[in-house]
Amino acid sequence: MVFEMNYWLFKSEPDVYGIDHLAAEPLQQCRWDGIRNYQARNFLRDKVQVGDQVLFYHSSCPRPGMAGVMEVVKAAYPDPAQFDLESDYFDPKATQDKPQWYAVDVKLRKKFARHLPLSALKAHPDLKDMMLFRQGRLSVVPVTMAEWQTIESMVKG
DNA sequence: GCCAACGTTGGC
DNA sequence: GCCAACGTTGGC
């Protein structure tokens, strides 16, 4: 099997769980859970693999944009929260045999020295086709290698 | 707080 | 299966 690394963008609200929360975890690692959208679920379950690189995007906040980079360290497994009656993410339709929702584990790779705001991304001509803009509400979004490289250069520049 | 975009639900 | 109503996301 040919190993193909993929690039992604995962959204989170920094008030709820931002990049500094991840940085404060014991191994700077966490479970990316609570995804309750079918398209995002399908990406997580079927496409996201160990070694994939992930942009940490802060949404629904005063300064939406990219905060850093994570790496996938564990591929999709059933999100335990769907079975947890106490959880906001409990789903009565989910069973152990037929889980509805999946999670992956991610590890912090780097926090950007400078936050890269959404406004800068929107202004860059090479990023005009980003799926982030076309499907604004999707919380797990593919990023192309070209887009990734553009973003890397913006972070350095 | 407003609003656009879009996903979900439920009646038929 | 269609579609209206409603809910949620997320930028501004």
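Atom set for the values below is all heavy atoms of this structure, side chains included, hydrogens, waters and symmetry mates excluded. Just so it is clear: chains get the letters A, B, ... in the order the sequence lines come, proteins before strands, and each one is counted from 1.
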What nucleotide, of [options], holds the atom closest to the side chain of [X]?
X       : options                  : answer
K122(A) : dA5(B), dG11(C), dT8(B)  : dG11(C)
S139(A) : dC6(B), dG11(C), dG10(C) : dG10(C)
L118(A) : dT8(B), dG7(B), dC12(C)  : dC12(C)

_If the cut-off is 4.0 Å, is K11(A) near the phosphate of dG10(C), judged by side-chain N/O to OP1 or OP2?_
yes
*asked:* With a 4.0 Å limit, can you tell me whether Y57(A) has a side-chain N or O closer than that to the phosphate oxygens OP1/OP2 of dG11(C)?
replied: yes
*Taking all atoms of both residues into account, what is the closest heavy-atom pair of L55(A) and W148(A), and its distance?*
CG-CZ3, 3.5 Å
*asked:* By the 4.0 Å heavy-atom rule, please label R36(A) as base, sugar-phosphate, or nothing.
replied: nothing
From [atom1] of [X] over to [atom2] of [N], roughly how many Å is that when rounded to an integer?
X       : N       : atom1 : atom2 : value
L138(A) : dG10(C) : CG    : P     : 9 Å
R137(A) : dG10(C) : CZ    : P     : 8 Å
D15(A)  : dG10(C) : CG    : P     : 13 Å
R63(A)  : dG10(C) : CZ    : C1'   : 17 Å
Q135(A) : dC6(B)  : CD    : P     : 7 Å
R134(A) : dG11(C) : CZ    : P     : 17 Å
L121(A) : dG10(C) : CG    : C1'   : 15 Å
R41(A)  : dG7(B)  : CZ    : C1'   : 14 Å

*Where does the angle between the aromatic ring planes of Y17(A) and H21(A) fall among parallel (under 30°), tilted (30 to 60°) and perpendicular (over 60°)?*
parallel
*Would you call the rings of F10(A) and W32(A) parallel, tilted or perpendicular if under 30° counts as parallel and over 60° as perpendicular?*
tilted
*Check the hydrophobic clustering (I, L, V, M, F, W, Y; side-chain heavy atoms under 4.5 Å; chains of links allowed) and say if L116(A) and I19(A) are grouped together.*
yes
_Determine whether the aromatic ring centres of residues W101(A) and Y38(A) are separated by less than 6.0 angstrom._
yes
